[in-house]
Visitor: 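Pasting a structure below so you can have a look.
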Amino acid sequence: MPREMIAILDFGSQYGQLIARRVREHNVYSRICRADITADELSKLSVRGVILSGGPASVIVEGAPRCDEKIFELGVPILGICYGMQLGCQILGAEIIAAEKREYGRTKLEIIDKGNLFANMPDSTTVWASHGDQVGQLASDFVKLATTATCPFAAVKHKEKKFFGVQFHPEVAHTPKGPVVFRNFLYDICGCSGDWKMSDFVSQTVEEVRRQVGSATVICGLSGGVDSSVVASLIHKAIGDQLVCIFVDNGLLRRNEAENVVSTFRDHFHIDLRVVDWSEQFLTALAGVTDPQQKRRIIGFEFIEAFKSEASKITDAKFLAQGTLYPDVIESGAKDGNPAANIKIHHNVGGLPAELGFELIEPLRDLFKDEVRVVGEYLGLPEDIVWRHPFPGPGLAVRIIGEITPDRLEILQAADEIVIDEIKSAGLYRKISQALAVLLPVGTVGVMGDERSYENVIAVRAVETPDFMTADFSQIPYEVLGTISSRIINEVRGVNRVVYDISSKPPATIEWE
């Protein structure tokens with residue numbers, strides 16, 4: 001257990017894990033906890049501070065999630081963010097009301113008290129807000145710290161309880177001075193020294209895996225992406241030859257993907273790698289299916305069937321390791337008491353039924369993609385693995401909008417290869433966080449040669465993001481986009497139009513389905 005820890009009580013915010021990440025960026029260990037964790041449980045964890053996250057509920061509605069009020073008696077500093085601020089203020093005697101005007105997006109924060117939480121901050125700064133409720137009236141033992149045009153109590157502190165509240169979100173990139181707020185809370189208010197490192201995470205995780213596994217065999221679902229690759233390396237570091245990797249070829253991969261995965265991992269890891277070609281079963285089951293959630297359900301089911309076919313041959317296997325990351329978990333919605341809303345189904349989150357007989361090992365479950373890359377570098381993985389762009393578990397099935405057919409799959413594979421090739425050629429691959437091609441379910445009129453055509457549209461998507469919870473579209477130079485478009489239209493039969501997606505997340509997601 002790290003010497004210093006900040007507990008984050010999760011009330012279902014889509015940005016909840018960003019808080020944990022911001023804390024870790026200051027070299028302080030953080031742990032996401034259930035919102036209803038007891039004060040006694042927190043006391044046993046020897047936390048240096050507590051953060052109450054935001055959330056989609058309203059504290060003035062019956063049945064809204066609450067925390068154990070005894071945590072305010074622990075004597076450790078508490079920072080409430082958005083919903084967390086409203087809840088803390090309400091518990092400590094302030095009035096919470098429905099605001100006359102909702103505050104959503106960027107707004108100007110005017111700082112009144114520049115001590116403690118807002119030390120080394122300018123008099124005014126841009127922050128990101130997202131709330132419909134706010135503090136309507138403060139009790140006498142509160143102090144107002146900051147205000148906005150529509151929120152008179154945008155930040156407050158309690159005179160005695162070491163409670164601080166902010167109505168905005170310091171954890172998102174849209175609040176540029178957010179890191180200063182976290183630094184002040186962690187170092188100046190909680191008294192943390194900042195001595196936690198990712199190497200500590202690796203050593204701690206290795207020991208936890210060894211204790212959990214003992215002498216049993218672990219099966220790792222290996223896809224060739226950075227997540228499963230890091231998991232395989234981490235588990236292998238812990239238990240060596242007790243690890244067996246299974247790679248399922250679902251027929252929905254990029255060109256030559258299966259061959260590259262087999263070559264890379266048999267040569268680099270020198271592990272027992274089993275390959276299951278289940279492509280015919282996947283494509284047969286997906287025939288005629290257009291609903292994206294149904295696609296994911298089918299792929300999840302077939303993935304399990306493919307795994308069962310090979311895993312049943314490994315008689316001493318007791319554990320299954322997966323490369324699940326926190327964005328997968330939070331976007332998959334309510335789980336383990338988490339009140340977050342469901343956005344999409346992930347086939348590798350809770351998708352393995354009890355009938356498989358495996359216990360699940362998910363050592364990266366609390367990490368973001370960039371943190372996983374740091375772990376990969378620490379473990380000595382090759383650069384082309386560590387910095388590979390994310391590729392969804394369902395593969396190209398969620399990048400073919402509408403029905404999946406062999407012909408449409410071939411079109412997208414060809415277009416996808418061109419997009420990645422040209423981005424690499426332009427030296428943009430490391431700058432861009434994720435790039436992909438999407439085959440749309442519409443045809444458009446064009447002229448190819450001297451003849452009228454009515455063919456497919458390819459959408460190109462590229463984003464830049466530090467954490468994959470929020471993202472901005474990449475401003476790829478026009479000449480690069482022009483080359484990509486020209487090559488796809490000239491080289492991929494069945495495509496006569498290429499468009500570029502300039503949506504940010506939120507409100508859009510990175511993948512189209």
Side-chain angles (χ1 to χ4, degrees), residues 11-16 18-19 22 51-62 64-66 78-159 161 163-182 184-185 339-341 469-470 472 504-508:
F11 291 95
S13 171
Q14 292 298 327
Y15 303 133
L18 280 176
I19 300 171
R22 297 298 178 243
I51 298 178
L52 310 179
S53 82
S58 168
V59 299
I60 57 179
V61 174
E62 185 177 355
R66 299 183 69 81
I78 300 173
L79 173 63
I81 296 175
C82 197
Y83 180 92
M85 171 187 173
Q86 296 160 14
L87 178 60
C89 287
Q90 185 185 64
I91 289 172
L92 296 175
E95 177 192 27
I96 307 301
I97 62 172
E100 291 185 8
K101 293 183 179 180
R102 283 176 52 87
E103 202 169 41
Y104 183 83
R106 290 181 174 88
T107 188
K108 186 69 69 177
L109 182 77
E110 301 294 338
I111 298 174
I112 299 169
D113 186 335
K114 296 177 66 174
N116 298 119
L117 197 63
F118 293 127
N120 303 309
M121 294 275 284
D123 293 337
S124 65
T125 184
T126 299
V127 297
W128 181 268
S130 176
H131 64 96
D133 296 341
Q134 63 187 35
V135 175
Q137 185 64 47
L138 279 180
S140 60
D141 42 7
F142 276 94
V143 176
K144 180 165 70 172
L145 302 181
T147 185
T148 70
T150 61
C151 184
F153 305 108
V156 301
K157 72 175 181 180
H158 195 275
K159 295 178 181 178
K161 297 293 186 181
F163 173 74
F164 297 79
V166 294
Q167 191 57 74
F168 58 91
H169 288 274
E171 71 272 23
V172 302
H174 304 307
T175 300
K177 293 296 183 179
V180 179
V181 175
F182 278 107
N184 290 338
F185 179 71
M469 294 297 286
T470 60
D472 292 320
S504 294
K505 176 184 179 180

Visitor: Hey, is the main chain of His169 close enough, under 3.5 Å, to the side chain of Thr175 for a donor-acceptor pair?
Guide: yes

Visitor: OG1 of Thr147 to CG of Leu109: how many Å apart, nearest 0.5 Å?
Guide: 8.0 Å

Visitor: Using side-chain heavy atoms (C-beta onward) and a distance below 4.5 Å, is Ile96 in contact with Val135?
Guide: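 Yes, side chains in contact.
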
Visitor: Please determine whether side chain to side chain contact (heavy atoms under 4.5 Å, CB included) holds for the pair Asp133 and Ile97, giving the CA-CA distance in whole Å, both sets of side-chain angles, and the decisive distance to 0.1 Å.
Guide: CA-CA 6 Å; Asp133 296 341; Ile97 62 172; over 6 Å; no

Visitor: Tell me the closest heavy-atom pair linking Ala64 and Ser58, and the distance in Å.
Guide: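 Smallest interatomic distance, heavy atoms only, reads CB-O, 3.1 Å.
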
Visitor: To the nearest 0.5 Å, what is the distance between CZ (Phe185) and CD1 (Ile78)?
Guide: 8.0 Å

Visitor: Run Gln86 and Ile60 through side chain to side chain contact (heavy atoms under 4.5 Å, CB included) and show every step you take.
Guide: CA-CA 9 Å; Gln86 296 160 14; Ile60 57 179; over 6 Å; no

Visitor: Are any of the side-chain heavy atoms of Pro152 and Gln134 separated by less than 4.5 Å?
Guide: yes

Visitor: Looking at every heavy atom in both Ser53 and Gly12, which two are closest together, and how far apart are they?
Guide: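 Closest approach of Ser53 to Gly12: OG-N, 4.3 Å.
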
Visitor: Do Leu92 and Phe142 pass the side chain to side chain contact (heavy atoms under 4.5 Å, CB included) test, and can you show the C-alpha distance, the side-chain angles, and the key distance before you say yes or no?
Guide: CA-CA 9 Å; Leu92 296 175; Phe142 276 94; 3.7 Å; yes

Visitor: Asp141 versus Lys161: any side-chain heavy-atom pair under 4.5 Å?
Guide: no

Visitor: Considering all heavy atoms of both residues, which atom of Thr470 and which atom of Pro506 are nearest to each other, and what is their separation?
Guide: CG2-CD, 4.1 Å

Visitor: Where do Phe118 and Val181 land on the side chain to side chain contact (heavy atoms under 4.5 Å, CB included) test, with the steps shown first?
Guide: CA-CA 6 Å; Phe118 293 127; Val181 175; 4.1 Å; yes

Visitor: Measure the spacing between NE2 of His158 and SG of Cys89 and express it to the nearest 0.5 Å.
Guide: 9.0 Å

Visitor: For residues 121-130, please give each side-chain donor-acceptor pair under 3.5 Å, one per line with the distance, not counting sequence neighbours.
Guide:
residue	atom	partner	partner atom	Å
Asp123	OD1	Lys114	NZ	3.3

Visitor: So how far is it from Asp113 CG to Lys157 NZ, rounded to the nearest 0.5 Å?
Guide: 5.0 Å

Visitor: For the atom pair CZ (Arg106) and CZ (Phe168), what is the distance rounded to the nearest 0.5 Å?
Guide: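 Answer rounded to 0.5 Å: 14.5 Å.
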
Visitor: Using only atom types and a distance under 3.5 Å, with no angle test, would you say the side chain of Ser504 pairs donor to acceptor with the backbone of Ala508?
Guide: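 No, the answer is negative, given that no donor and acceptor are paired below the 3.5 Å cut-off.
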
Visitor: Parallel, tilted or perpendicular for Phe11 and Tyr83, by the 30°/60° rule?
Guide: tilted

Visitor: Using every non-hydrogen atom in the two residues, find where Arg22 and Ala173 come nearest and quote the distance to one decimal.
Guide: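 The pair with the smallest heavy-atom distance is NH2-N, 4.1 Å.
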
Visitor: Mind checking the CD1-CG spacing from Ile81 to Leu52? Nearest 0.5 Å is all I need.
Guide: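 Answer rounded to 0.5 Å: 8.5 Å.
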
Visitor: Check whether any side-chain heavy atom of Leu117 sits under 4.5 Å from a side-chain heavy atom of Val166, and report yes or no.
Guide: yes

